[in-house]
Amino acid sequence: PHGKPLRYDGENLHLEPEIEEIATFYAAKLGTEHAKKKTFNQNFFADFKRAMRKHNSKYSGIIKDFKKCDFSVIRAHLDAVKAQQKDMRPCERKAIREAEAARVAKYQVAIVDGREEKVGNYRVEPPGLFLGRGEHPLAGKVKRRILPEDVTINIGEQETPPECPLPGHRWKKIVHEHSVTWLAFWRDSITSGFKYVWLGAGSAFKGMSDHSKFEKARKLHGVIGHVRAEYRRAWKSKDLSEQQRAVATYLIDVLALRVGNEKSEDEADTVGCCSLRFEHVKLERPSTLRLDFLGKDSIRYVNSVSVDPAVFACLQRFLNGKKNGDDVFDLVTVTSLNDYLRGFMDGLSGKVFRTYNASVTLDRLLQDTAGRDRVV
DNA sequence: GGTGGGGACTCAGAAATGTAGTC
DNA sequence: AGACTACATTTCTGAGTCCCCAC
């Protein structure tokens with residue numbers, strides 16, 4: 001606790017440590033795009049008030065209006081701490097950095113099947129405000145502190161589990177899973193999703209996995225002709241769901257779209273191929289498809305492509321009678337699409353097309369530059 | 001068979017940190 | 001030598017994919 005007050009309606013309020021910490025999370029985000037968003041501020045303030053009630057804060061009945069909260073004293077303190085670090089002499093800063101590196105060194109490696117491997121993320125995520133990308137409904141919520149009691153450790157039966165770093169605490173569970181590659185996991189307090197500790201990208205597990213990914217893409221090269229012939233045929237199918245599946249496959253193949261799984265209400269509204277809706281698609285005669293949607297990470301995708309006339313006719317049928325909010329591919333699910341793709345080749349799924357597409361593109365660019373005295 | 005949640009993995013943008021060049 | 005800065009690299013963690021299994 002730094003003891004710096006929150007200014008509220010012109011008064012200095014010295015918050016209890018737990019409350020002060022949350023106020024400090026917000027102060028750290030002042031001036032960022034996050035703190036300009038309504039959802040972010042609303043979620044933060046709701047959690048801030050909830051924390052005050054939970055800790056029986058004496059300010060619980062006082063702090064009621066977000067607009068009267070002024071975090072600038074706390075922010076000034078954070079800025080001062082940063083400036084102080086910056087003002088340190090380089091040799092001093094270096095010494096601190098080296099001491100910290102020595103302290104964490106033992107957490108950065110793991111022995112796997114007798115080999116020493118680098119660990120990727122060896123720290124749990126610290127508490128703070130959930131940021132999220134785009135218009136995330138949960139942005140600004142307080143992400144709680146992860147304690148040893150939240151963490152499951154995966155280690156060999158014969159090995160001594162790592163010592164719990166917090167005195168008086170213990171790990172949630174010690175397991176010996178041989179079919180997975182994670183070293184530890186906990187659940188995220190905001191999304192309730194899994195958060196894992198993995199080995200580094202250079203580890204054997206990650207390397208083998210990457211290798212098999214590219215081998216799969218290479219294998220797709222062998223059957224892509226068959227896949228294409230098959231989906232072209234299915235554009236003319238009498239079965240509308242088959243038509244939809246064939247057009248979706250075409251878009252994934254030609255435009256390298258992501259498959260587009262369903263998302264829940266408490267996530268940002270983003271889409272991929274199978275979740276495209278009426279409002280994301282425009283058809284322009286004679287045969288231009290115009291796509292405009294928010295994809296992964298709420299990155300906008302805008303593209304106009306000339307498509308096969310048969311695809312254009314299919315899309316006209318799919319959109320017929322639909323309105324905003326309706327799925328373009330209402331008869332296709334990601335599961336059904338991947339089941340269909342697996343019929344062509346073991347392990348084939350929508351994702352493989354993106355790896356394949358990128359690999360073919362890189363290969364072509366390398367061919368194009370070959371022989372021309374260029375560094376690539 | 002369709003659906004829905006659990007679970008484990010990759011992908012990827014933002015933020016933090018490091019480095020090299022210039023004054 | 002140090003400050004300043006632009007650019008590169010690394011870290012962090014949120015956002016996807018996909019498979020499994022129960023109902």
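Side chains included, hydrogens not; waters and symmetry mates left out as well; all remaining heavy atoms used. To find a chain, count down the sequence lines: A is the first, B the second, and so on, and within it residues start at 1.
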Between C:dT17 and A:Ser349, is there an OP1 or OP2 to side-chain N/O distance shorter than 4.0 Å?
no
Contact under 4.0 Å: A:Arg97 side-chain N or O vs B:dA16 OP1/OP2
no
Would you kindly give the CZ-to-P distance between A:Phe194 and B:dT10, to the nearest whole Å?
16 Å
How do A:Lys296 and A:Arg187 order along DNA chain B: which one's closest nucleotide is nearer the 5' end?
A:Arg187
Mind checking if A:Gly193 touches a base, just sugar-phosphate, or nothing, with heavy atoms under 4.0 Å?
nothing
Main-chain N/O of A:Arg170 paired with A:Glu149 side-chain donor or acceptor, under 3.5 Å
yes
Verify the contact: side-chain N or O of A:His34 to OP1 or OP2 of B:dA15, cut-off strictly under 4.0 Å; return yes or no.
yes
Which part of the nucleic acid, if any, lies within reach of A:Ser336 when heavy atoms closer than 4.0 Å are counted: base, sugar-phosphate only, or nothing?
nothing
Have a look at A:Gly120 and say if it touches a base, only the backbone sugar-phosphate, or nothing, with a 4.0 Å heavy-atom cut-off.
nothing
Assign each of A:Lys82 and A:Lys351 to its nearest nucleotide of DNA chain B by heavy atoms, then name whichever residue's nucleotide is nearer the 5' end.
A:Lys351
Which residue in the set A:Leu255, A:Val271, A:Leu294 passes side chain to side chain contact (heavy atoms under 4.5 Å, CB included) when paired with A:Tyr301?
A:Leu255
Could you work out which one of C:dC19, B:dC11, C:dG14 sits closest to the side chain of A:Lys213?
B:dC11
Side-chain N or O of A:Arg123 closer than 4.0 Å to phosphate OP1/OP2 of C:dC12:
yes
If the test is salt bridge (charged side-chain N to carboxylate O under 4.0 Å, His left out), which one of A:Asp292, A:Asp269, A:Asp327 qualifies with A:Arg277?
A:Asp269
Could you tell me if the ring centre of A:Phe40 sits under 6.0 Å from that of A:His136?
no
Choose from B:dT10, C:dT17, C:dA15 the nucleotide whose nearest atom is closest to any side-chain atom of A:Val259.
C:dT17
C:dG14, OP1 or OP2 - any side-chain N/O from A:Thr191 closer than 4.0 Å?
no
Categorize A:Trp182 for me: base, sugar-phosphate, or nothing, with a 4.0 angstrom heavy-atom threshold over every strand shown.
sugar-phosphate
Contact class for A:Ser209 (heavy atom, under 4.0 Å): base, sugar-phosphate, or nothing?
sugar-phosphate
Starting the side chain at C-beta, find the nucleotide from C:dG16, C:dC18, B:dT10 nearest to A:Asn338.
C:dC18
Flag yes if more than 12 heavy atoms outside A:Arg317 fall under 6.0 Å of its CZ atom; otherwise flag no.
yes
base_contact_polar (B:dG13 base, A:Arg133 side chain, donor-acceptor, <3.5 Å):
yes
Across the strands shown, which category fits A:Asn261 at heavy-atom distances under 4.0 angstrom: base, sugar-phosphate, nothing?
base
Which part of the nucleic acid, if any, lies within contact of A:Gly295, taking any heavy atom under 4.0 Å across all strands shown: a base, the sugar-phosphate backbone alone, or nothing?
sugar-phosphate
Tell me which nucleotide among C:dG14, B:dC11, B:dA8 gets nearest to the side chain of A:Tyr196.
B:dA8
Using the side-chain heavy atoms of A:Lys195, tell me which of these nucleotides is nearest: C:dT13, B:dA15, B:dT3.
C:dT13
note: A:Leu183, atom CG; B:dA8, atom C1'; distance rounded to Å ~ 13 Å
With heavy atoms under 4.0 Å as the rule, sort A:Thr181 into base, sugar-phosphate or nothing.
sugar-phosphate
Grab the NZ-P distance between A:Lys216 and B:dT10 for me, whole Å please.
11 Å
Side-chain atoms of A:Arg354 come closest, of C:dT13, C:dC19, B:dA12, to B:dA12
Go through B:dA8, C:dG16, C:dA15 for me and flag the one nearest to the A:Asp297 side chain.
C:dA15
Whole-Å distance separating the CH2 atom of A:Trp198 from the C1' atom of B:dA8
5 Å
Do you see a donor-acceptor pair shorter than 3.5 Å between the side chains of A:Asn338 and A:Tyr340?
no
Between CZ of A:Phe185 and P of C:dT13 the distance, given in whole Å, is 18 Å
Only one of A:Phe214, A:Phe353, A:Tyr356 clears ring-ring contact (aromatic ring centres under 6.0 Å, His included) with A:His221; which?
A:Tyr356
Atom-to-atom span, CG of A:Leu337 to P of C:dG16 - whole angstrom
18 Å
Rounded interatomic separation in angstrom, taking CG from A:Asp346 and P from C:dC19:
10 Å
What is the separation between atom CG on A:Leu138 and atom C1' on C:dT13, rounded to the nearest whole Å?
15 Å
